[in-house]
Amino acid sequence: WETAATLINGLEESGFDLTADHFDAALRACDRQARWQEALGLFDRMNRMGLRPTARSFECAIRTAAKAKQMSIVDTLWDSLRKEIRASPPLVASPFTYNVLMRALAEGGGKTAGKTRDKSAAAVLEAFDEAVNLGLKPDQSSYKHALRACDLSGEWRRALSLLKDMRETDTPVDTLVYGNVMGACARHGRSQTVLQLIAQMRADGLQPNSFCYNAAISAASRSRKWWQAVKL
């Protein structure tokens, strides 16, 4: 990243016409080392030079800020991304752009329960919906980020709806996908729903793992079906 910054300076001093691609390369270097302050400096410098950030610019800057746990910066960059998408001509984002954003938002929630994690999960789902409303087709990674958020926040109806969407659009469904859907259902004691999901995944040729069984036992416990928990 230091070499990249030096090259940017040298090119500018020599009167070379810099483009967003040059800055994107430097931003990627900052991303690899989680140099969020330097990345923001490059991002601001692009704007001052009249260079419009690309989707890749936002992806690198968001990822860098998330690695450094600078979630307020992630939120600011998200707002800037929205403005660019609404601008004329609009910035063209991709599902990958929003996958980067969702992962960054998820990392901001940490691994412990509480308001921060719930807020983070809600933000991930908001980003997912925003991407869909823009006409972007979610891929497997997009769905997995959203389903993990559903699991953490207990949005079991939403999780089941997303699983249905995946199956209808032939998006690959694996054990992790089922596990997150089961986890969301388990938080509300939906033991019968979890058992149906286990049967469904077996019909799909998938074998439940320990995470799936944990969810099933937890659901049985929450619904006070001790005999079901013992059977599991």
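Along the sequence shown, residues carry numbers from 1. Keep in mind that this is a model prediction, so the values were computed, not measured. Side chains included, hydrogens not; waters and symmetry mates left out as well; all remaining heavy atoms used.
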Side-chain heavy-atom pair [X], [Y] within 4.5 angstrom cut-off:
X	Y	result
T64	L27	no
V132	P138	yes
C30	L42	yes
E38	Q33	no
I198	M182	yes
P53	N47	yes
R148	H145	no
D139	F96	no

Between [Y] and [X], is there a side-chain donor-acceptor contact under 3.5 Å, judged purely by atom types and distance?
X	Y	result
S57	D24	yes
S94	T97	yes
D118	S153	no
N9	T6	no
W78	E130	yes

*For residues F58 and F43, establish whether the separation of their ring centroids is below 6.0 Å.*
yes
At their closest point, which heavy atom of [X] faces which heavy atom of [Y], and how far apart are they?
X	Y	result
V74	A66	CG2-N, 3.9 Å
L125	A146	CD2-O, 3.5 Å
Y143	D165	OH-CB, 3.6 Å
A219	S191	CB-CA, 3.6 Å

Separation between [atom1] of [X] and [atom2] of [Y], rounded to the nearest 0.5 Å:
X	Y	atom1	atom2	value
S142	M166	OG	CE	9.5 Å
L77	E59	CG	CD	12.0 Å
Q200	R202	CD	CZ	13.0 Å
Q207	C212	CD	SG	10.0 Å
T169	K164	OG1	NZ	12.0 Å
C150	R158	SG	CZ	6.0 Å

With distance as the sole test, does [X] use its side chain to make a donor-acceptor pair with the main-chain N or O of [Y] at under 3.5 Å?
X	Y	value
R52	M46	no
K67	D31	yes
S14	G10	yes
S120	T116	no
R187	D151	yes
E84	L91	no

*asked:* In terms of relative ring orientation, are W156 and H188 parallel, tilted or perpendicular, with 30° and 60° separating the classes?
replied: tilted
*Would you call the rings of H22 and F16 parallel, tilted or perpendicular if under 30° counts as parallel and over 60° as perpendicular?*
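Judged by the thresholds at 30° and 60°, the geometry between H22 and F16 is perpendicular.
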*Test side-chain hydrogen bond (donor to acceptor under 3.5 Å, both in side chains) on N209 and T175 and set out the steps.*
CA-CA 7 Å; N209 59 12; T175 304; 5.3 Å; no
*Go through the structure and list residues passing side-chain hydrogen bond (donor to acceptor under 3.5 Å, both in side chains) with R167, not counting sequence neighbours.*
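R167: side-chain hydrogen bond (donor to acceptor under 3.5 Å, both in side chains) contacts with Y178, D204.
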*asked:* Does atom CG (D44) have a neighbourhood of more than 12 heavy atoms from anything else shown, all under 6.0 Å?
replied: yes
*Does E12 pair with R48 as a salt bridge, N-O distance under 4.0 Å?*
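Here E12 does not pair with R48 in a salt bridge, since their nearest N and O are not under 4.0 Å apart.
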*Please determine if R103 and E107 form a salt bridge, counting it only when a charged side-chain N lies under 4.0 Å from a carboxylate O.*
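E107 and R103: salt-bridged.
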*Answer yes if L101 and I85 sit in the same cluster of Ile, Leu, Val, Met, Phe, Trp and Tyr residues linked by side chain heavy atoms under 4.5 Å apart, and no otherwise.*
yes
*asked:* Could you go through W227 and K225, starting from their C-alpha distance and side-chain angles, then the distance that decides it, and tell me whether this counts as side chain to side chain contact (heavy atoms under 4.5 Å, CB included)?
replied: CA-CA 6 Å; W227 62 92; K225 296 179 180 179; 3.9 Å; yes
*Using the side chain to side chain contact (heavy atoms under 4.5 Å, CB included) rule, take L232 and L195 through it: C-alpha gap first, then chi angles, then the decisive distance, then the call.*
CA-CA 10 Å; L232 285 161; L195 291 178; 4.0 Å; yes
